[in-house]
Amino acid sequence: MKHKVLNALAAIRKEISGVRYDKGDLSGQLNIDAAIITELGVLAADGIMDDTINIGGALVPVEKIQLPDNGSAPAEILFHTKKLKGALYYESGKEFIQDNQLAVPGVPFLIHEWDYCSEDESTNPNMLRHQSVIDFISLLGEIADFKKEDFGELELVFFQKKKLSVVIKYGVGNLGKMNRLADLAEQLNSTHDRFERISIFKTELVLQLLDIDEDTRFQTLLSRFDLVYDNYLNSHLLYLEKFSYHDLKSAVDKDKLDYTKRIYATVNDIQSKLIALPAAFLLIFSQFDFSGAAAGKNLLILIASVIFSALLEILLQNQFGVLEYIKTEINHFTNQLRNKDTIVDLTEILKSFGDLDDNMDKQKIYLWIFRGAVWLVPLITSVLFFTYQK
């Protein structure tokens, strides 16, 4: 049997204008007609509104309301929704989520903003999302190492190499589709290697949430649900192959970092030698005989500048060769990963090596700039030699 008072309140709420809502007190303007008088009588009898109602500035008992000829009368209305007996009223989805973080109310309830009454048979997408979160919390509670509930606030603690504390706290904006929740529950409740599956999933929780502020960890988990689940699946598949997805990724990241350092070193190693370039220009301009009288001296300076640039060119050629060698190593390494006998998709790991190609291209540009500067020394010297030759 439907809750008569709740349904009467739902019907009247749709007719109220200029709504004001504060801590359960719902007020506004209402045009009273014959049908509404009946509903008001139900609400007055239940005690969620006063026995009298303000119509045109006069307080009139509900049972003595007289309608004018036009069939309706404007009135100021006030309902104390928190006084509902055996039912609950929520003006907004936000209020509902704040009061029901861990479970759906066990009594009939109404959420006006969502146009939802728990006694209706129709489904509501927001309620389905809320139920998914509740089910997820229940699943987390089953695998948590420790639970603490205090004044309606739940804290879940997971021990997996490190301690992770997750306080269940979320808002209406955190509700989202969790289409794969049933798959996760099936995975973690599987009788086959259940302990290992739970351990792998808790490891993913720690990796994703440990660096997140404790108050927002659960909200972050909801937003990253698909990512956590995908990583869990990858790690479980790799566990079946006797190694961890994150161990593999860590090893690959370590190699990638090593390659990155070696790429940057191709320029860093030669920079100290290129400091000689400004000195070379200074020496040329200070020792060159612009009068042309000492042609032999100027010729020696020209020859020396060519030798100087040739020596640096050898160093530059070596650095270009190093880059090519590193590129060959990287290609060999990525081919090994690509051909690895595993059922896990390593596409994302392989894509991360694309950054190394960009880094190598940048270093090559720098080396070409250095090369240009190096050969500028004999070029300028040649111009000076032939310009000031007698």
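Please read these numbers as outputs of a predicted model, since none were measured by experiment. Scope of the values below: all heavy atoms of this structure, side chains included, with no hydrogens, waters or symmetry mates.
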Does F370 form a ring-ring contact (aromatic ring centres under 6.0 Å, His included) with W375? I'd like the steps, not just the answer. CA-CA 9 Å; F370 292 157; W375 286 105; over 10 Å; no

State whether a side-chain donor-acceptor pair under 3.5 Å links [X] with [Y].
X: E204; Y: Q208; value: no
X: N100; Y: Y90; value: yes
X: E119; Y: N7; value: yes
X: D135; Y: Q131; value: yes

State whether the number of non-hydrogen atoms from other residues, nucleotides or ligands found under 6.0 Å of D115 atom CG is greater than 12. no

Is it the case that atom NZ in K327 sees more than 12 heavy atoms from other parts of the structure closer than 6.0 Å?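 No - once you tally the heavy atoms of other residues, nucleotides and ligands closer than 6.0 Å, there are 12 at most.
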
How far apart are the C-alpha atoms of F136 and F225, what are their side-chain angles, what is the distance that settles it, and do they pass the ring-ring contact (aromatic ring centres under 6.0 Å, His included) test? CA-CA 10 Å; F136 186 38; F225 174 78; 5.3 Å; yes

When you check the gap from the basic side-chain N to the acidic O, do K202 and E196 get nearer than 4.0 Å?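 Salt bridge flag = no for E196 with K202.
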
E313 bridged to R371 by N-O distance under 4.0 Å: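 Yes, this pair counts.
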
Look at the rings of F109 and Y116 and say which category their plane angle falls in: under 30° parallel, 30 to 60° tilted, over 60° perpendicular.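 If you compare the ring of F109 with that of Y116, the planes turn out tilted.
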
Under 3.5 Å donor-acceptor, D50 side chain and T52 backbone: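 No.
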
N189 side chain vs E186 backbone, donor-acceptor pair below 3.5 Å: no

